[in-house]
There are 2 protein chains.
Amino acid sequence: MTALVNPDAMQSGAAPITIHNSFGKHDAASNANIRRLKAGETLYVEGDSAPYCFQVVDGVMKEYNTLEDGRRQVADFYGSGELFGISELNEHLHTAEAITECAIRCYPRDAYLKAIAGSPELSEQFLDTLMTRLHRARERIVMLGRMSAVQRVATFLQRLSDEQDTIDNVQFVMSRQDIADHLGLTIETVCRVLTEFKKKHIIEMPSARLFSVPNIDILDDTVHGGDRVH
Amino acid sequence: MTALVNPDAMQSGAAPITIHNSFGKHDAASNANIRRLKAGETLYVEGDSAPYCFQVVDGVMKEYNTLEDGRRQVADFYGSGELFGISELNEHLHTAEAITECAIRCYPRDAYLKAIAGSPELSEQFLDTLMTRLHRARERIVMLGRMSAVQRVATFLQRLSDEQDTIDNVQFVMSRQDIADHLGLTIETVCRVLTEFKKKHIIEMPSARLFSVPNIDILDDTVHGGDRVH
DNA sequence: CGTGCAATTGAAAGTACTCAAGCCACGTGG
DNA sequence: CCACGTGGCTTGAGTACTTTCAATTGCACG
């Protein structure tokens, strides 16, 4: 897994959304500086020029788009170790905002690309990251295009559970609104589905920001054909 | 119309879905072989190992996923010049099928990756392709997550029109089913939206597989706030 | 001139959305 | 210490949009 500047970042269990990686040992980090953000603070906005690439050291970030009429679509969430803002051609295509308090490492893009060009190993790592991103994006396309609200929420719960590597007291790091904007639903629908899950004992929710999964298989079924059944 | 291998491919306006490129001059093509597919034929299936990367020489391909219950999601369409099946880590995550008769260049993946590693220029091109794919995917995420059926279809018509670089007699290369599966709609909804557009004179449809756009701006409005208005 | 598949249309049902109100935890100030 | 205001979450009622199911039409082909 990803080792980081700040060894704590990983163990602390603080970072609910996992990983991927990074520059590994290679020390392009030398000329990178750390930026700290409060929850809700914006790192860059859609249309900004993109002189830096970023990596989450600690905390959770989200990247999203806003439509004319104010509807939002959250492209992805990034947790400790993950790179983001890397695939920009010239300008940022999303807005990046801190969900929790964050520490972000900023790599000057030029140096970064040069480092990649110079090292086949680094280059491979980078390609890997990019490909993985593409796969994630495509999974989301399937979800948004062809899955019901119930399936989307169930899938999302799975993801959180996987990333936090537990079944008990999994945290919702982000607000209902963020979840809704990520899943292409409204906040109300997300709520309703969650209470439906509670009623069916698919999950327990000791508080609004925590859930447990008594039986993973049932959640799994829900992700797959679980609704649709009449 | 569709033209071919030859230089024409791009200029002729033949390839209905355009864009992007390829290995350029670099001759990794030397040890690549051409494979011909009939319409409807499958090049690879989700889960296949992925020893090759592909490039459309002529025709149009689609890549899609199938869910347990048979619902499909078309990830993307690829026209002349476009690379596909490139971002696979180990195995194919989609099924690739010919929509029209196709000629496909197949690059052995190893040679291909080696070529990339060896040439910074090639590597850059490849990165570029990958990034552009990611952007496309993310645009689709916004579409699927936050746009109405009307907006999705309008966006799709724009894309076709752009790619074929004309406003008159733009071709639907793919079936209604493919369009529906791409836009996350049903075939019926696609039809209804199209006839709605006809009635509103946003488009004309001399035949089921052709349309013209008398006034681009109206289509544009439709893509943006055009519905939602009460 | 059938046959068969693709596209279109209609009617009914369902799912998710909108708008609106209620709830709850928490922090502030009286 | 408790009333009050705030923000995030939940619930309810009604509606709008899409889907589902079921025909029907259109068109290419033998």
Side-chain angles (χ1 to χ4, degrees), chain A residues 39-40 62 67 69-73 99-100 143-157 171-199 203-211 222 225-230, chain B residues 39-40 67 69-73 99-100 143-154 156-157 171-199 203-211 222 225-230:
Chain A
K62 70 183 173 202
L67 307 202
D69 61 2
R71 282 175 296 175
R72 297 188 322 159
Q73 174 67 44
I99 289 183
T100 63
M143 181 173 91
L144 295 173
R146 287 296 176 219
M147 285 167 52
S148 68
V150 167
Q151 291 178 303
R152 296 184 202 188
V153 174
T155 305
F156 187 69
L157 296 184
Q171 256 195 72
F172 291 104
V173 212
M174 60 295 287
S175 70
R176 294 288 188 274
Q177 187 63 60
D178 286 336
I179 298 174
D181 288 339
H182 184 57
L183 302 183
L185 300 170
T186 58
I187 200 175
E188 294 96 330
T189 302
V190 172
C191 269
R192 279 188 254 269
V193 172
L194 286 175
T195 62
E196 189 191 325
F197 285 178
K198 277 191 285 187
K199 281 181 193 156
I203 60 171
E204 287 154 22
M205 281 185 56
S207 85
R209 292 291 189 114
L210 283 179
F211 72 96
T222 309
D227 70 328
R228 304 279 151 196
V229 179
H230 298 300
Chain B
L67 306 202
D69 61 2
R71 282 176 296 174
R72 297 187 322 159
Q73 174 66 43
I99 289 183
T100 64
M143 182 173 90
L144 296 173
R146 288 296 177 218
M147 286 170 48
S148 68
V150 166
Q151 291 178 303
R152 296 184 203 189
V153 174
F156 187 68
L157 296 183
Q171 255 195 76
F172 291 102
V173 211
M174 60 295 286
S175 70
R176 293 289 189 274
Q177 187 64 61
D178 286 336
I179 298 173
D181 288 339
H182 184 58
L183 302 183
L185 300 170
T186 58
I187 200 176
E188 293 96 330
T189 302
V190 172
C191 268
R192 281 187 252 269
V193 171
L194 285 175
T195 61
E196 189 191 325
F197 284 179
K198 277 191 284 188
K199 281 182 193 155
I203 60 170
E204 287 154 21
M205 282 186 55
S207 87
R209 292 290 188 116
L210 283 179
F211 72 96
T222 309
D227 67 329
R228 302 278 152 198
V229 180
H230 298 299

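We name chains A, B, ... by the order of the sequence lines, and we start the count at 1 in each one.
As judged by a 4.0 angstrom heavy-atom cut-off over every strand, B/T195 is placed among residues touching the sugar-phosphate backbone only. Counting any heavy atom pair closer than 4.0 Å across all strands shown, B/L194 reaches no nucleic acid atom.
A/F211 places its CZ atom 16 Å from the C1' atom of D/dC9, with the value rounded to the nearest Å. Regarding B/K198, its NZ atom lies at a distance of 11 Å from the C1' atom of C/dT9, rounded to whole Å. Here D/dT18 presents its C1' atom at 11 Å from CZ of A/R146, a figure rounded to the nearest Å. Rounded to whole Å, atom C1' of D/dT18 lies 15 Å from atom CG of B/L144. Nucleotide D/dC9 holds its P atom 12 Å from the CG atom of A/D181, rounded to whole Å. One interatomic measurement links the two molecules: CG of A/L210 to C1' of C/dA25, which rounds to 14 Å at whole-angstrom precision. A/R152 places its CZ atom 11 Å from the C1' atom of C/dT15, with the value rounded to the nearest Å. Rounded to an integer number of Å, the gap from A/L183 CG to C/dA16 P is 12 Å.
With rounding to the nearest 0.5 angstrom, the OG1 atom of B/T189 is 11.0 Å from the CD atom of B/E196.
Inter-residue side-chain proximity for B/L183 and B/M143 is flagged as met; some heavy-atom pair is nearer than 4.5 Å. Side-chain contact check for A/L185 versus A/V153: some heavy-atom pair is nearer than 4.5 Å. In this structure, the side chains of B/L194 and B/F211 stay at 4.5 Å or more apart for every pair of heavy atoms. A 4.5 Å side-chain heavy-atom check between B/M174 and B/I179 finds at least one atom pair inside the cut-off.
B/T189 has no side-chain polar atom (N or O) that falls below the 4.0 Å cut-off from OP1 or OP2 of D/dT18.
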Tabulate protein N/O versus nucleotide N/O from nucleotides 19-24 of chain C, keeping only pairs under 3.5 Å, one per line.
residue	atom	partner	partner atom	Å
C/dC19	N4	A/E188	OE2	2.8

What nitrogen or oxygen pairs link the protein and nucleotides 4-7 of chain C at under 3.5 Å?
residue	atom	partner	partner atom	Å
C/dA7	OP1	B/R209	NE	3.1
C/dA7	OP1	B/R209	NH2	3.4
C/dA7	OP2	B/R176	N	3.2

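In this structure, B/R176 satisfies the cation-pi test against B/F172, with its NZ or CZ atom closer than 6.0 Å to the six-membered ring centre and inside 45 degrees of the ring normal. With B/F156 as the aromatic partner, B/R152 does not meet the cation-pi criteria of under 6.0 angstrom to the ring centre and within 45 degrees of the ring axis.
Judged as a side-chain hydrogen bond (donor to acceptor under 3.5 Å, both in side chains), and not counting sequence neighbours, the contacts of A/R72 are A/D178, A/D181.
Counting only distance, with no hydrogens or angles, the side chain of B/R71 and the backbone of A/R146 share a donor-acceptor pair below 3.5 Å.
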